[in-house]
Amino acid sequence: MSAPAPSTLAIVDAEPLPRQEEVLTDAALAFVADLHRQFTPRRNELLARRGERRAEIARTSTLDFLPETAAVRADDSWKVAPAPAALSDRRVEITGPTDRKMTINALNSGAKVWLADFEDASAPTWENVVLGQLNLTDAYERRIDFTDPKSGKSYALKSADELATVVMRPRGWHLEERHLQLDGVSVPGALVDFGLYFFHNAQRLIDLGKGPYFYLPKTESHLEARLWNDIFVFAQDYVGIPQGTVRATVLIETITAAYEMEEILYELRDHAAGLNAGRWDYLFSIVKNFRDGGAKFVLPDRNAVTMTAPFMRAYTELLVRTCHKRGAHAIGGMAAFIPSRRDAEVNKVAFEKVKADKDREANDGFDGSWVAHPDLVPIALASFDAVLGEKPNQKDRLREDVSVAPGDLIAIDSLDASPTYDGLRNAVAVGIRYIEAWLRGLGAVAIFNLMEDAATAEISRSQIWQWINADVVFENGEHATADLARKVAAEELAAIREEIGEETFTAGKWQQAHDLLLQVSLDQDYADFLTLPAYEQLR
């Protein structure tokens, strides 16, 4: 008797979308189902391991480089695979979601790379998940255009040699895709995003002289990097392309990953392209992991934690040294400023800050950096051009002068700054405004002249939680308490209602956002990720 045919993926509780049949083909869904069968059990084990490691940090309030992988770090002979031509020069990268207008603008922006984001800059509505895939394929096929219904302005792609190279970012391992299930079990969002994109576009990208390139978010250990490497090996065999065609850049945006940078590159060495220093998620991870650690781990206002803070310098300089020692690109952090069409003085001050930030990264040895708006591309480009000249990167600059001890990465108290009452108010204001937009399906949101994404909301709610639980006293004498947070949140909600008017307020999701921010900021049982309870409310 022959074996029964394997179950197929079911599309659950999802309204049909225009052209979804081009993305959700039987063959593509069969591939995602195979990824799910093969790799979700290991993903589940690794998520459980995260919890065990967090419990150990709670017990010890410290971290160290891993003794069991010392041989990998000590072996100077290994390097990552050479960069393909399309990823050799990454001096400016623009980030953003994969809606149709952003797809065109990012590809046309003059940046070398576009981080096409299905993660923190994209709220994972079914429409964003499926149509984002369609937009990328349409762009590769040059059948994408867009006319803004409000302004009437039309957008179209420039010539192929002027377009940014796409590096796609799938969701992190913790998120499910509830609309795709196998035998009643939701498929991890990471496998859905990766699987659909890879299946449809791997060969198409090779034919364009590029390849399937990825940013890997929220990685917490080298074992998670090993899982991704095994997925790449499986996927390349599945569609019949050469091993090593995939390239992955890993975001070092968790404090545990900062202690395993060399091991992460080693696990991915046949597919590794580099590492990136992701700032807000990194700070969120420090709060999350060391939330029981007492006063010495209390972060000040997020705007006071610049990249020149000693523990952030240790992190970024170690990242550059690690990458260049192993032949990988080191990519710097985000310039999140959004230029104002009305305030030239705001722009002038912000552009000076962006220039100083990018000058510092280029001089520190980074090979490129991130911006959130096309107007920032020329500023970042000038900073890296001044250091690189005609060279595509500076991987030959080994930074052997850098020496980082384990304690340097978590020396939060080396920063001479304290939480302020205005910092609390800003965390509440940004948190409510971001979550409200996210619940409406927007993942990248301009708030107070900064492009914010889910990492922003994570650091906002984490700082509220930390300051309350550490019994912080602000400069005005007020104690950080749950009641104070509720009072500030009520005032902020009233101010928003006044600002936007009753009709717009009622049409939005403001009360829901207010309630969710307070839930994840005040619950004693700290939620691992804000997006987990938020996803339950996303419709």
Separation of Ile286 CD1 from Ile255 CD1 (nearest 0.5 Å): 4.5 Å
Test of ring centre spacing under 6.0 Å for Tyr238 and Phe198: no
Pair Arg50 + Asp528, salt bridge at N-O below 4.0 Å: no
Qualifying residue for ring pair (Phe, Tyr, Trp, His ring centres under 6.0 Å) with Trp228, from Tyr215, Trp173, Phe39: Trp173
Sidechain N-carboxylate O distance under 4.0 Å for Arg279, Asp357: no
Distance-only donor-acceptor check, side chains Thr249 and Arg90, under 3.5 Å: yes
Aromatic Tyr266 / basic Arg326 pairing, under 6.0 angstrom, 45° off normal: no
Residues Arg73 and Glu263 bridged, charged N to O under 4.0 Å: yes
Gln203, CD: over 12 other non-hydrogen atoms inside 6.0 angstrom: yes
side-chain contact (heavy atoms from CB on, under 4.5 Å) partner of Val430, chosen from Thr456, Leu450, Ile435: Thr456
Plane angle bin for Phe214 and Phe232 - parallel if under 30°, tilted between 30 and 60°, otherwise perpendicular: parallel
Under-4.0 Å salt bridge between Arg226 and Glu260: no
Over 12 foreign heavy atoms within 6.0 Å of NZ, Lys353: no
Over 12 non-hydrogen atoms of neighbours within 6.0 angstrom of CD in Glu21: yes
Lys/Arg-Asp/Glu bridge criterion (N-O < 4.0 Å) met for Asp207, Arg204: no
side-chain hydrogen bond (donor to acceptor under 3.5 Å, both in side chains) between Gln133 and Asp193, worked out: CA-CA 8 Å; Gln133 296 277 352; Asp193 299 339; 4.7 Å; no
Presence of salt bridge, Asp148 and Lys150, under 4.0 angstrom: no
Residue among Leu251, Asp453, Ile459, Asp120 satisfying side-chain contact (heavy atoms from CB on, under 4.5 Å) with Asp281: Asp120
Reference residue Glu262; test salt bridge (Lys or Arg N to Asp or Glu O under 4.0 Å); the match among Lys79, Arg269, Arg321, Lys325: Lys325
Approximate separation, where rounding is to 0.5 Å, of His179 NE2 and Ile11 CD1: 10.5 Å
Test applied, side-chain contact (heavy atoms from CB on, under 4.5 Å); reference residue, Ile252; option that passes from Leu318, Thr219, Leu275: Leu275
Cationic N near anionic O, under 4.0 Å, Arg302 to Glu452: yes
Under 3.5 Å donor-acceptor, Tyr155 side chain and Arg100 backbone: no
Lys/Arg-Asp/Glu bridge criterion (N-O < 4.0 Å) met for Glu45, Arg49: no
Verdict with supporting geometry, Ser154 and Thr147, side-chain hydrogen bond (donor to acceptor under 3.5 Å, both in side chains): CA-CA 4 Å; Ser154 294; Thr147 301; 3.2 Å; yes
Pair Asp364 + Arg313, salt bridge at N-O below 4.0 Å: yes
Face-on cation placement of Lys288 at Phe529 ring, 6.0 Å and 45° thresholds: yes
